[in-house]
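Okay, structure first, notes after.
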Amino acid sequence: MATEFPIDQEADRFIPGIPGQEPEEEEEGAELELVLDDSELEELPDGSVVVKMNTQGPMENEDFYQNLADSDVLDSYDLSVMAMKYIELAEKDKKAREQRDKQYEEGIRRTGLGNDAPGGANFNGASKVVHPVMAEACVDFAARAIKELFPPDGPTKTKILGDVTEDKVQIAERKRDWFNWQITEQIEEFRDEEEQMLTQLPLGGSQFLKFWYDEQKRRPCMQFLPIDNILLPYSSGNFYTSPRVTEVDDISEYEYKRRISSGLYRDVSYIRASMDPEQTAPQKATDKVEGKSPNDNEDGTRRMYHIYTWLELEDDKYSKGELAPYILMIDEMENEIVGLYRNWEEGDETMTKLDWIVEYKFIPWRGAYAVGLPHLIGGLSAALTGALRALLDSAHINNAATMLKLKGAKVSGQSQQVEVTQVAEIEAAPGVDDIRKVAMPMPFNPPSPVLFQLLGWLTTSAKGVVTTAEEKIADVNSQTPVGTTQALIEQGAAVFSSIHARLHESQARVLKILSRINRWYLDDMRRTEVVEDLEVKRED
């Protein structure tokens, strides 16, 4: 990104703040000279000049952004010790949130999509129906959220802080047009990955999107990361300030080789994985929804840990032994570090951590993880499913041919199949003149009207947690004043509006990450087919 410093050409002096350009003390009356390359100067219409000092990205300073696992910053022994340490920490973080995974798994099961929702009777023919309140809330939320975050013309709009000038307006419009094209056209998986995240957000409470630049595709890429693939320490209070964030990444052997060939991972000898990595409870529940089952790991899937943490590396000339942010990439199967990268921008003296993963929250709570529908209406959903199954089971039992038969009253040699409206004859045992003396139907109660009323109350209570505007105005007639109708709409949209505001904040973080990627790699992206009319500069 270019840093601009104005120079007053009429005054024969320097403007303070230009690194390396402060004049030395001269004798009074001595003439000062400013020697600059003409390519670094841009003359403005008012006669002033802008000096451009480029901030170097990976395309200019490969040394800073190199894979330190391939350098002499750490020897092989130190890398092995560090790999074992962080694999052990990842296992502890995974164990610390086992209950969280169970809550997420239960939420997926209670949607009923996997035909394994818990609860209900176990007799032959018992109802397995699931009340749709959980699935309905997820579908409704995702449909509203994607419309809010992804309008047809693109999600980016302009906003200028301070004085509005013609130059600022042009820059803002160039950035807006570029981002909208990039999100809707260039990053072809953007909408699909975001919609997956939004459907799972109510169930997991928190979900994540990851961004990076793919040198082979020459464009930014993104991926949905479910919450069960993000591990935080027990002590974390916030995702962005957590001392350690572990991303669990299961990749095929093909992808593993591709990352080695691209230079992301260092070239190491490895054994092909023969067994699938251990699945989380939510992943198992999701497989049932999709109708999938594990195979014999024909693709050689292996587990990688990408750990965003803070390290003190004494031999790193850029951090000078101070605590600084790094990205560790560890092969779990080989217990070996295949990638180690500095995670701050070159030239940043504060060494501020760079974000590559964005968190989306449903309802924030006290800790690092937000809460979702399983926490809010999980109990009500279970009660609704139980009440609905009880009603259907009672109707089934009440209409089933269940009876008690008198012991010893056997009529041998008869087999009758009676159709509806048919009159059939059977032979009775000696001395029996009334068929009702042989067998008696079980006196089951019919479906309870009280239980049916309870089902309606539970449905209203569950939907009230995630109420919508349509439910608020369902009983409004044509005679209702406009002001009353508008108030009901605003009241009904209050819950969704607050969630949408948090989603917009996360979307703003997405644009900041894309802005950094564009500033680093725009020239490389320009080599591929892009829209010629989209004029944008790295300085923008």
Side-chain angles (χ1 to χ4, degrees), residues 1-2 52 54-70 150 154-156 171 173-197 208-225 247 249 251-267 304 306 308 327 329 338-347 354-358 507 509-540:
M1 180 178 184
K52 298 185 177 181
N54 292 327
T55 300
Q56 293 182 337
M59 305 298 292
E60 293 84 15
N61 190 352
E62 295 182 0
D63 177 65
F64 180 85
Y65 298 98
Q66 68 172 323
N67 187 352
L68 301 181
D70 264 341
F150 211 98
T156 312
I171 291 175
E173 290 179 350
R174 288 199 298 266
K175 291 170 67 176
R176 176 200 62 199
D177 295 341
W178 174 266
F179 274 130
N180 285 335
W181 169 78
Q182 192 171 52
I183 291 175
T184 58
E185 299 290 339
Q186 187 186 35
I187 309 176
E188 55 192 29
E189 70 273 13
F190 194 103
R191 177 167 183 139
D192 182 58
E193 296 290 326
E194 189 165 63
E195 284 195 290
Q196 286 190 51
M197 180 273 298
F208 304 86
L209 293 178
K210 177 186 177 182
F211 295 84
W212 72 95
Y213 181 77
D214 191 299
E215 295 184 355
Q216 183 178 4
K217 297 179 181 178
R218 289 184 178 176
R219 66 169 177 85
C221 295
M222 67 174 294
Q223 178 186 1
F224 161 56
L225 296 178
E247 171 204 344
D249 191 14
I251 61 175
S252 64
E253 184 180 21
Y254 162 77
E255 178 64 19
Y256 189 72
K257 290 180 178 179
R258 195 180 77 88
R259 293 182 183 184
I260 291 178
S261 63
S262 68
L264 179 65
Y265 294 164
R266 66 189 181 104
D267 193 0
M304 310 297 297
H306 291 187
Y308 306 80
I327 302 177
M329 301 176 179
V338 294
L340 174 60
Y341 293 89
R342 302 179 181 94
N343 195 29
W344 72 93
E345 196 162 5
E346 189 273 332
L354 299 179
D355 291 328
W356 300 100
I357 300 176
V358 177
Q507 195 88 317
R509 290 181 179 269
V510 169
L511 294 178
K512 289 180 181 179
I513 294 176
L514 290 178
S515 179
R516 180 172 70 245
I517 293 176
N518 289 328
R519 175 161 48 86
W520 285 359
Y521 298 102
L522 183 63
D523 294 340
D524 190 49
M525 280 189 279
R526 284 293 192 186
R527 300 175 191 172
T528 60
E529 295 182 1
V530 298
V531 180
E532 296 181 356
D533 295 337
L534 292 176
E535 293 294 337
V536 69
K537 307 175 182 178
R538 290 185 63 183
E539 292 81 357
D540 291 341

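If you're wondering where the values come from, they're calculated on a predicted model, not measured in any experiment.
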### Query
Who are the side chain to side chain contact (heavy atoms under 4.5 Å, CB included) partners of Glu255, not counting sequence neighbours?
Ile251, Ser252, Arg258, Arg259
### Message
side chain to side chain contact (heavy atoms under 4.5 Å, CB included) for Trp212 and Leu264? Distances and angles first, verdict last.
### Response
CA-CA 11 Å; Trp212 72 95; Leu264 179 65; over 6 Å; no
### Query
Is there a side-chain contact between Phe150 and Glu195, using heavy atoms and a 4.5 Å cut-off?
no
### Query
Checking Tyr521 side chain against Pro58 main chain: does a donor-acceptor pair fall under 3.5 Å?
no
### Query
Do the side chain of Asn67 and the main chain of Leu340 share a donor and acceptor less than 3.5 angstrom apart?
yes
### Intermediate values then yes/no, side chain to side chain contact (heavy atoms under 4.5 Å, CB included), Phe224 and Leu209
CA-CA 5 Å; Phe224 161 56; Leu209 293 178; 4.1 Å; yes
## Note on the structure
So CD of Gln66 and CG of Asn61: to nearest 0.5 Å the spacing works out to 9.5 Å
### Evaluation steps, salt bridge (Lys or Arg N to Asp or Glu O under 4.0 Å), between Arg519 and Glu345
CA-CA 12 Å; Arg519 175 161 48 86; Glu345 196 162 5; 2.3 Å; yes
### Query
Can you tell me how far the CD atom of Gln182 sits from the CG atom of Leu514, to the nearest 0.5 Å?
5.5 Å
#### Entry: Chi angles and distances behind the side chain to side chain contact (heavy atoms under 4.5 Å, CB included) call for Leu511, Ile183
CA-CA 10 Å; Leu511 294 178; Ile183 291 175; 3.7 Å; yes
### Task
Kindly say whether Asp355 contributes a backbone atom to a donor-acceptor pair with the side chain of Arg516 at under 3.5 angstrom?
yes
### Message
Surrounding CD of Glu62 (heavy atoms of other residues, nucleotides or ligands, distance under 6.0 Å), is the total greater than 12?
### Response
no
### Query
Should the ring pair Tyr265 and His306 be called parallel, tilted or perpendicular, given that the plane angle runs from 0 to 90° and is split at 30 and 60?
perpendicular
### Message
Between Asn343 (side chain only) and Leu354 (backbone N and O only), is there a donor and an acceptor less than 3.5 Å apart?
### Response
yes
### Task
Rounded to the nearest 0.5 Å, what's the gap from CE on Met222 to CD on Glu194? Could you check?
6.0 Å
### Query
Out of curiosity, Leu225 CG to Ile357 CD1, how far, rounded to the nearest 0.5 Å?
5.5 Å
### Query
Quick one: SG on Cys221 to CD on Gln186, what's the gap to the nearest 0.5 Å?
9.0 Å
### Task
Please lay out, stage by stage, how Val358 and Phe208 fare under the test side chain to side chain contact (heavy atoms under 4.5 Å, CB included).
CA-CA 6 Å; Val358 177; Phe208 304 86; over 6 Å; no
### Message
For Met304, is there any backbone N or O sitting under 3.5 Å from a side-chain donor or acceptor partner on Tyr256?
### Response
no
### Query
Of all heavy-atom pairs between Arg266 and Ile260, which one has the smallest distance, and what is that distance?
O-CG1, 4.1 Å
#### Entry: Any side-chain heavy-atom pair of Phe179 and Ser515 under 4.5 Å
yes
### Query
Looking at Trp344 and Phe64, what are the two nearest heavy atoms and their distance?
O-CE2, 3.1 Å
### Query
If every non-hydrogen atom of Glu189 is compared with every non-hydrogen atom of Pro220, which pair is closest and at what distance?
OE2-O, 4.4 Å
### Query
Does the ring centre of Trp356 sit less than 6.0 Å away from the ring centre of Tyr308?
no
### Task
Look at the side chain of Gln223 and the backbone N and O of Lys210, then say whether any donor-acceptor pair between them is shorter than 3.5 Å.
no
### Point-to-point distance, once rounded to the nearest 0.5 Å, from CG of Asp214 to CD1 of Ile517
10.5 Å
